[in-house]
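Notes follow once the structure below has been shown.
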Amino acid sequence: MNLTIIGSGYVGLTTGTCFAEMGHHVICVDNNREKIRTLQSGSIPIYEPKLEDLIRKNVAVGRLEFSPDIASSIPQSDVIFIAVPTPPNTDGSVDLTYIEKVVREIAEVLKPEMGYKVIVDKSTVPVKTGEKVRQTIKRYAGPDVQFDIVSNPEFLREGCAVDDLLHPDRIVIGSNSERAMNVIKRVYQPIHAPILETDVNSAELIKHAANSFLALKISYINAVAKVCEKTGADVELVAEGIGMDKRISRHFLNAGLGYGGSCFPKDVKAFINISRTLGIPFTLLEEVERINDSQHTHFLDQIRDRLWVLKDKKIAVWGLAFKQNTGDIRESISLKLCEKLRKEGAIVTATDPKAIGTARSRLEELGVTPVEDMYECARDAEVLIIATEWSDYANADLQKLAEIMRNRIIFDGRNILSPANIRAVGFEYHSVGRPFIEEA
Ligand code: NAD
Ligand code: UGA
């Protein structure tokens, strides 16, 4: 099939590439000309495992193209996917101006002689947005254009987006038209995954409800972690114990500094806002947010307790990305910590395997020194903070670290180091919801 994807960011570029890998002909469009030039020249603007190889392969066989222009791609496409940003407004509501603009642009290109088109929203949007999209296209394209609207929310995680797209737990297709439903089922035919067919409103709501539920699981275990800290229990064992119950599952029960990224913070806010607007405040989610916001400030309180005064103390931070296996720093908890440490006058160095480039200008603003090598970053530090769950950090050479740091003190905000290894080298070790280990 011939597909256009509008918006070639994390979702659009990865989805478009995976559709090409499935055998479709795909044009990935973006209004950021620089991004399109980068892609056309064979470079990839983001770090996402497995993506680069798939892009090269599908470009080489002519199934994947990049274009700055929807006017030439839409006429040749059966399906048009929208994957543009839906960032939060200051009151938590969703900024739908990117979606509305793209929808108007699509409408202005559509002509009756182009035949039937399916317009699919992949961006995360509030329930009932599809209806607005339908009305807007009708208004700007005129009555004779044949089209249907579909909501097809995306559930990929950054850092494993290609695997999530090619092997999803489920595919949700929301449409009020059987014809459109069948077209989108054909798009996904090469993928072996259960398909849930719904109406448009339910599909839109599934996305906000799913992300909010995952965020709730994280805040739940983080609240349990605080109880563990007061009682000497170990949150890792508690998570294992409750996660062995299939009804609960161990997934997304990793205690730590809380959730960051471009999705959970904004989607929880959006769902709170949507419910409030409907007159049914979702106060449970307000608590999820409050717990998440308190995770890194509580962690910082513990560092302050230990060092007394942070001013002029050298603190090393391992990890800048909002999670492992990505260079994305949007809503990164690590950067929030760096900002607060700098405000108190600490001397901060920071490192990350993939995010130093994306973080560089923010680090400069904050006065944080970026260091490529993780051990050099920790040299002479009074405290090492682990802020992102990279496997490089989990497998760190602790003996080497002990030799170069000023104090043997680690604050592990992601619980990735093994207490047995810590004890063997004799570090003082603070983590989240696990027993404190004193320096040997
Ligand atoms: P992104 O910022 O990485 O990419 C969006 C792209 O859209 C950018 O390249 C931007 O230049 C382009 N764009 C904006 N306006 C445009 C226009 N008028 N015409 C053409 N291109 C335009 O965003 P993202 O992370 O890919 O997220 C996109 C949507 O998908 C959001 O609604 C997000 O909530 C949702 N989502 C994201 C993820 C994720 O892991 N990042 C996962 C699932 C769903
Ligand atoms: C999340 C969802 O997992 C995806 O299904 C969804 O498609 C996406 O949001 C979206 O809508 O954009 P993503 O934000 O890429 O994906 O990454 P996650 O793996 O979910 O991690 C999000 C944050 O939660 C990270 O900061 C991570 O460190 C934190 N986290 C995750 C925990 O603190 N504990 C956990 O157990 C899991």
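Read the numbers this way: they start at 1 and go in the same order the structure lists the ligands and their atoms. Because the structure is a prediction, the values reported are computed rather than measured.
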(request) Go through the side-chain N and O atoms of Q76 and H25 and say whether any donor and acceptor fall under 3.5 Å apart. (result) no
(request) For Y10, take its heavy atoms, then give the atoms of ligand 1 lying under 4.0 Å from any of them. (result) 3 (O), 25 (O), 26 (O), 41 (N)
(request) Name the option, out of V84, I6, T15, that contains the heavy atom nearest to atom 29 (C) of ligand 1. (result) V84
(message) Is a donor from one side chain sitting under 3.5 angstrom from an acceptor on the other, for D69 and S67?
(response) no
(message) Give me the residue, atom name and distance of the protein heavy atom closest to atom 35 (C) of ligand 1.
(response) T124 OG1, 3.5 Å
Distances only, to 0.1 Å: what are the N or O pairs between ligand 2 and the protein that fall under 3.5 Å?
residue, atom, partner, partner atom, Å
ligand 2, 5 (O), F155, O, 2.8
ligand 2, 7 (O), E154, O, 3.4
ligand 2, 7 (O), F155, O, 3.2
ligand 2, 7 (O), L156, N, 3.4
ligand 2, 7 (O), L156, O, 2.6
ligand 2, 7 (O), K207, NZ, 3.0
ligand 2, 11 (O), K207, NZ, 2.6
ligand 2, 11 (O), N211, ND2, 2.7
ligand 2, 15 (O), E158, N, 2.8
ligand 2, 17 (O), K323, NZ, 3.4
ligand 2, 19 (O), K323, NZ, 2.8
ligand 2, 26 (O), G260, N, 3.0
ligand 2, 26 (O), F322, O, 2.9
ligand 2, 28 (O), E389, OE2, 2.7
ligand 2, 28 (O), R414, NH1, 3.4
ligand 2, 33 (O), R414, NH1, 3.4
ligand 2, 34 (N), N254, O, 3.0
ligand 2, 36 (O), L253, N, 3.4
ligand 2, 36 (O), N254, N, 2.9

(message) Under a 3.5 Å cutoff, is there a donor and acceptor pairing between the side chains of W318 and D392?
(response) no
(message) For atom 25 (O) of ligand 1, tell me which residue out of K101, E158, R330, R104 has the closest non-hydrogen atom.
(response) R330
(message) I'd like the name of whichever of E154, K266, K323 reaches closest to atom 33 (C) of ligand 1 through any heavy atom.
(response) K266
(request) Using a 4.0 Å heavy-atom cut-off, say whether D267 meets ligand 1 through its side chain, its backbone, both or neither. (result) neither
(request) Report the nearest protein non-hydrogen atom to atom 36 (N) of ligand 1: residue, atom name, distance rounded to 0.1 Å. (result) V11 CG2, 3.4 Å
(message) Can you report which non-hydrogen protein atom sits closest to atom 8 (C) of ligand 1, along with the distance?
(response) D30 OD2, 3.4 Å
(message) On a heavy-atom basis, which atom in P68 and which in V29 lie closest, and how many Å separate them?
(response) C-CG1, 4.0 Å
(message) Would you say the rings of Y47 and Y10 are close, in the sense that their centroids are separated by under 6.0 Å?
(response) no
(request) Would you check the N or O atoms of V102, main chain and side chain alike, for any that come under 3.5 Å of an N or O of ligand 1? (result) no
(request) Write out the residue and atom name of the closest protein heavy atom to atom 32 (O) of ligand 1, then the distance separating them to 0.1 Å. (result) T86 OG1, 2.6 Å
(message) Ignoring hydrogens and geometry beyond distance, is a side-chain donor-acceptor pair present between K266 and T124 at under 3.5 Å?
(response) no
(message) Please state which option from P45, P85, A270 has its nearest heavy atom closest to atom 5 (C) of ligand 1.
(response) P85
(request) Identify the protein heavy atom lying closest to atom 4 (O) of ligand 1, giving its residue, its atom name and the separation to 0.1 Å. (result) G9 CA, 3.1 Å
(request) With heavy atoms only and a cut-off of under 4.0 Å, state how C263 meets ligand 1: side chain, backbone, both or neither. (result) side chain
(request) Determine, step by step, whether K340 and T297 satisfy the side chain to side chain donor-acceptor pair (under 3.5 Å) criterion, reporting the C-alpha distance in whole Å, the side-chain angles of both residues, the deciding distance to 0.1 Å, and the verdict. (result) CA-CA 9 Å; K340 292 190 168 128; T297 51; over 6 Å; no
(request) Among V383, L401, I385, find the residue that satisfies the side chain to side chain contact (heavy atoms under 4.5 Å, CB included) test when tested with I410. (result) L401
(request) Give the residue and atom name of whichever protein heavy atom lies nearest to atom 22 (C) of ligand 1, and the separation in Å to one decimal. (result) N31 OD1, 3.3 Å
(message) Using heavy atoms and a 4.0 Å limit, tell me yes or no: is R157 in contact with ligand 1?
(response) no
(request) Indicate the ring-plane relationship of F81 and F19, choosing parallel, tilted or perpendicular according to the 30° and 60° boundaries. (result) tilted
